[in-house]
Colleague: 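Here it is: the structure, laid out below.
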Amino acid sequence: MKRRVRLLLDLKALMQAFQTGIRYAAGSLAELILERQDSSFCRLAERDGDFLWDPSKALEKAGRYLLWDQGDLDLYLGFVAGLGVSDTQGQLEHIELYRSLLEPRLLQAQEEARQKARVFIAVGLFAGVTLSVLLL
């Protein structure tokens, strides 16, 4: 679960960076991806053989590889599909929409991670007590 939270936080930061890059530099999608090599999505997209010809497709493939939750993947694919298909204002609105759609998914993933951590602690304590009783 922590992996999912990490990836969604990465996606949130990526959306913010793309929004800033489009707003202030009006860079192409390929330039935006190359500038964000700290993002798992961008690193993987940049390594794709089709990156130079179709950066959007490379970014899509990266998401398909990284995201395992179908809802997260659907959100991501919708986000990527709308990149570079409208004017600057349209791009900014598109990214803002997907940032707002991402927020509840991120909160859900964080809550699931907390709950699973509690379960693992309880199971560990139970196993420790059981082992102690068996050894006595």
Side-chain angles (χ1 to χ4, degrees):
M1 268 305 143
K2 287 186 179 185
R3 178 186 184 280
R4 179 178 178 220
V5 171
R6 227 178 18 255
L7 285 170
L8 292 179
L9 286 171
D10 184 9
L11 179 55
K12 182 179 179 180
L14 178 65
M15 288 177 176
Q16 175 64 44
F18 278 9
Q19 202 170 31
T20 302
I22 290 169
R23 179 177 286 128
Y24 297 111
S28 70
L29 182 56
E31 292 169 335
L32 293 172
I33 291 170
L34 290 172
E35 289 172 4
R36 285 296 296 184
Q37 289 301 296
D38 58 326
S39 166
S40 305
F41 298 98
C42 290
R43 273 194 315 273
L44 201 53
E46 191 264 331
R47 292 181 192 144
D48 188 270
D50 294 330
F51 174 73
L52 294 175
W53 294 275
D54 193 352
S56 179
K57 187 71 168 174
L59 206 53
E60 177 187 322
K61 288 180 188 176
R64 288 185 186 279
Y65 178 78
L66 291 170
L67 296 170
W68 297 344
D69 181 273
Q70 188 60 47
D72 296 345
L73 179 60
D74 291 342
L75 180 120
Y76 177 83
L77 294 176
F79 165 65
V80 171
L83 291 175
V85 296
S86 63
D87 64 347
T88 301
Q89 187 58 37
Q91 290 295 295
L92 294 174
E93 291 171 4
H94 171 78
I95 294 171
E96 189 59 40
L97 169 67
Y98 276 90
R99 285 181 64 197
S100 67
L101 293 174
L102 175 65
E103 203 57 41
R105 296 202 66 80
L106 178 57
L107 292 173
Q108 173 199 27
Q110 289 170 329
E111 182 58 33
E112 286 175 7
R114 275 192 292 277
Q115 288 175 355
K116 288 196 179 200
R118 287 186 203 127
V119 168
F120 289 138
I121 290 171
V123 168
L125 287 172
F126 178 74
V129 169
T130 303
L131 184 61
S132 297
V133 169
L134 288 174
L135 291 175
L136 292 176

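Bear in mind that the values here come from a model prediction, so they are computed numbers and not experimental data. Hydrogens, waters and symmetry mates play no part in the numbers below; they use all other heavy atoms, side chains included.
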Colleague: If you round to the nearest 0.5 Å, how far is CG of Asp69 from CZ of Arg3?
Modeller: 11.0 Å
Colleague: Looking at residues at least two apart in the chain, or sitting in another chain, which of them share a side chain to side chain donor-acceptor pair (under 3.5 Å) with Glu96?
Modeller: Gln19
Colleague: Taking salt bridge (Lys or Arg N to Asp or Glu O under 4.0 Å) as the cut-off, I'd like each qualifying pair that reaches into residues 58-67, sequence neighbours left out, listed once.
Modeller: Asp48-Lys61, Asp50-Lys61, Lys57-Glu60, Glu60-Arg64
Colleague: Could you check whether the rings of Phe79 and His94 sit parallel, tilted or perpendicular, using 30° and 60° as the cut-offs?
Modeller: parallel
Colleague: Is the side chain of Asp72 donor-acceptor paired with the backbone N or O of Leu67 at a distance under 3.5 Å, no angle test?
Modeller: no
Colleague: Taking only residues two or more places apart in sequence or in another chain, which ones pass side chain to side chain donor-acceptor pair (under 3.5 Å) with Ser56?
Modeller: none
Colleague: I want to check something: taking the side chain as every heavy atom from C-beta on, are Phe51 and Leu34 in contact at a cut-off of under 4.5 Å?
Modeller: yes
Colleague: If you round to the nearest 0.5 Å, how far is CD1 of Ile95 from CD1 of Ile22?
Modeller: 3.5 Å
Colleague: For Phe18 and Leu29, which heavy atoms make the closest approach, and how far apart are they?
Modeller: CE2-CD1, 4.0 Å
Colleague: A side-chain contact here means heavy atoms from C-beta on lying under 4.5 Å apart; do Phe41 and Ile33 qualify?
Modeller: no
Colleague: Got a donor-acceptor contact below 3.5 angstrom from the Gln91 side chain to the Gly82 backbone?
Modeller: yes
Colleague: So, are Lys12 and Asp10 salt-bridged, with charged N and O less than 4.0 Å apart?
Modeller: no
